[in-house]
Structure formats: structure tokens, C-alpha cells
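Some notes on the structure that comes next.
Quick caveat: nothing in here was measured; it's all calculated off a predicted structure. What's counted below: heavy atoms across the whole structure, side chains too, no hydrogens, waters or symmetry copies.
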Amino acid sequence: MTASFATDSLTVLTGMYAAEAEYLAAGGPGSASFDLLAPFFAPDVVLHQADALPYGGTWHGREGMEKFFLAMSQVWESFDMAEQEFLATGETAVVLTQVRARARATGRELAFPILQTIRVQDGQISEVRPFYWDTEAIADACAAVAPSERSHL
């Protein structure tokens, strides 16, 4: 890893997170243009979300990223990245984010960490793999039916 590559990936990541904040502040999916975020993602970007989450699965391309942000906004009333720490930068960056969020379906508020590995190639994000501390707690907070009630359906 060269120093210039590390700087370039850090520039891409800080730019993307700033654009994401601007996008969400402008109303996010359905209100703001995804064009704010699109340039930071490679045309063939892949996002791998844990299957246990309401927005789980693999999202492909810029169109997939736009659909992912829509799915997230349907699950979360608020999703604030309270603190961010760039643990490593380079072709694969590692970002630790402390999140405070409120679920739409239940109104429950959670605070949790997300550790992401993010691949940056040719000045764009090509792959994202978020790791959640407790996917079950997140899924339960987002479920309109309590976990104990779900097992009886």
C-alpha cells in the first residue's frame, strides 16, 4: 500500500460519508437525488448485508445501492452515525461506526457498532461488507411483532 493510495481511499470514503449525510439531510430516498452518492460507487459495486437483517442480502451496482438506501429508509426512522473511526485505509479500508438508530415499525432506539470492510479501486468503492455486533437484536427492534410472538405465528 502506498501512502498516496491510502490518502486516495480516505478521500473517497470521507467524501462518500459526507455525501451520504447530505443525501439523508435532503430527505434521502424518494426525496433527494441518489446522484449525490452515485459517483463514489463503482458501476459494479457489491454490498453484502447480513441475511438476518430486514434489508439483508447482496445488492449489486449503483441501482442496487439506491434500492438498498430505500430499503434502509423503510426500516429506520433515523440512522445516525454518531462516531466514525477509520482503522485502516488502502485498497481495503476498515471503518468502525457507532450508530444510534430508531426503528420505524417499533419506535425502539438502539445504539450499536458496525465494522465495515470497504474495497476502493480506481477511486471508487467496489465492495462493502458491514459486520453488525448483534443482528438478532437489530432485527428484533425492527420487527412489528415481538420475537416471542413471532415464534407462535
Side-chain angles (χ1 to χ4, degrees), residues 9-10 12-147 150-151:
S9 65
L10 185 59
V12 170
L13 294 173
T14 55
M16 186 277 297
Y17 285 118
E20 181 179 18
E22 184 179 344
Y23 174 70
L24 295 174
S31 297
S33 173
F34 190 74
D35 291 346
L36 290 168
L37 282 165
F40 293 97
F41 296 106
D44 59 348
V45 63
V46 179
L47 167 62
H48 306 274
Q49 286 287 348
D51 288 333
L53 297 174
Y55 40 85
T58 303
W59 303 81
H60 297 272
R62 290 178 179 155
E63 299 80 18
M65 292 301 292
E66 188 171 11
K67 290 177 183 176
F68 163 74
F69 277 100
L70 179 59
M72 280 280 292
S73 72
Q74 291 170 344
V75 170
W76 298 107
E77 182 178 328
S78 65
F79 195 88
D80 300 319
M81 294 178 279
E83 297 174 35
Q84 261 184 333
E85 190 176 350
F86 294 87
L87 303 175
T89 56
E91 184 173 315
T92 299
V94 179
V95 181
L96 175 60
T97 303
Q98 299 297 327
V99 174
R100 290 192 182 104
R102 181 180 308 113
R104 283 193 190 283
T106 64
R108 283 189 51 203
E109 293 186 7
L110 293 175
F112 54 90
I114 298 174
L115 187 69
Q116 294 178 302
T117 61
I118 303 170
R119 183 169 291 148
V120 178
Q121 295 176 312
D122 300 322
Q124 293 180 309
I125 296 168
S126 62
E127 184 179 39
V128 182
R129 289 183 182 269
F131 297 90
Y132 295 77
W133 181 253
D134 188 346
T135 56
E136 184 177 5
I138 293 168
D140 287 347
C142 296
V145 178
R150 269 190 272 145
S151 63

Could you measure the distance from the [atom1] atom of [X] to the [atom2] atom of [Y]? Nearest 0.5 Å is fine.
X: Asp140; Y: Arg108; atom1: CG; atom2: CZ; result: 7.0 Å
X: Met72; Y: Met65; atom1: CE; atom2: CE; result: 10.0 Å
X: Arg119; Y: Glu91; atom1: CZ; atom2: CD; result: 6.0 Å

Contacts of type side-chain hydrogen bond (donor to acceptor under 3.5 Å, both in side chains), residue [X], not counting sequence neighbours:
X: Glu77; result: Arg102
X: Gln116; result: Tyr17
X: Gln84; result: Thr97
X: Gln49; result: Tyr132

Quick one, [X] and [Y] - any side-chain contact, counting heavy atoms below 4.5 Å?
X: Ser78; Y: Arg100; answer: no
X: Thr117; Y: Phe131; answer: yes
X: Ser9; Y: Thr92; answer: no

Show me the donor-acceptor pairs, under 3.5 Å and distance only, between side chains in residues 25-41 and residues at least two apart or in other chains.
| from | atom 1 | to | atom 2 | distance (Å) |
| --- | --- | --- | --- | --- |
| Ser33 | OG | Asp35 | N | 3.1 |
| Ser33 | OG | Asp35 | OD2 | 3.2 |

Which residues satisfy the side-chain contact (heavy atoms from CB on, under 4.5 Å) test with [X], sequence neighbours excluded?
X: His48; value: Val46, Thr58, Glu127, Arg129
X: Ala101; value: Trp76, Phe79, Val99, Phe112
X: Glu83; value: Gln98
X: Ala50; value: Leu53, Thr135

Side-chain donor/acceptor of Arg104 to backbone N/O of Ser73, under 3.5 Å: yes
Asp134 side chain vs Glu136 backbone, donor-acceptor pair below 3.5 Å: yes
Distance-minimising heavy-atom pair for [X] and [Y]:
X: Pro54; Y: Cys142; result: CG-CB, 3.9 Å
X: Pro113; Y: Leu96; result: CB-CD1, 4.2 Å
X: Leu13; Y: Ala93; result: CD1-CB, 3.4 Å
X: Ala141; Y: Leu110; result: CB-CD1, 3.4 Å

Listed partners of Phe86 passing ring-ring contact (aromatic ring centres under 6.0 Å, His included), at least two apart: none
Evaluation steps, side chain to side chain contact (heavy atoms under 4.5 Å, CB included), between Phe69 and Glu20: CA-CA 10 Å; Phe69 277 100; Glu20 181 179 18; 3.3 Å; yes
Salt bridge (charged side-chain N to carboxylate O under 4.0 Å, His left out) partners for Arg62, two or more places apart: none
Chi angles and distances behind the side chain to side chain contact (heavy atoms under 4.5 Å, CB included) call for Ile118, Val12: CA-CA 11 Å; Ile118 303 170; Val12 170; over 6 Å; no
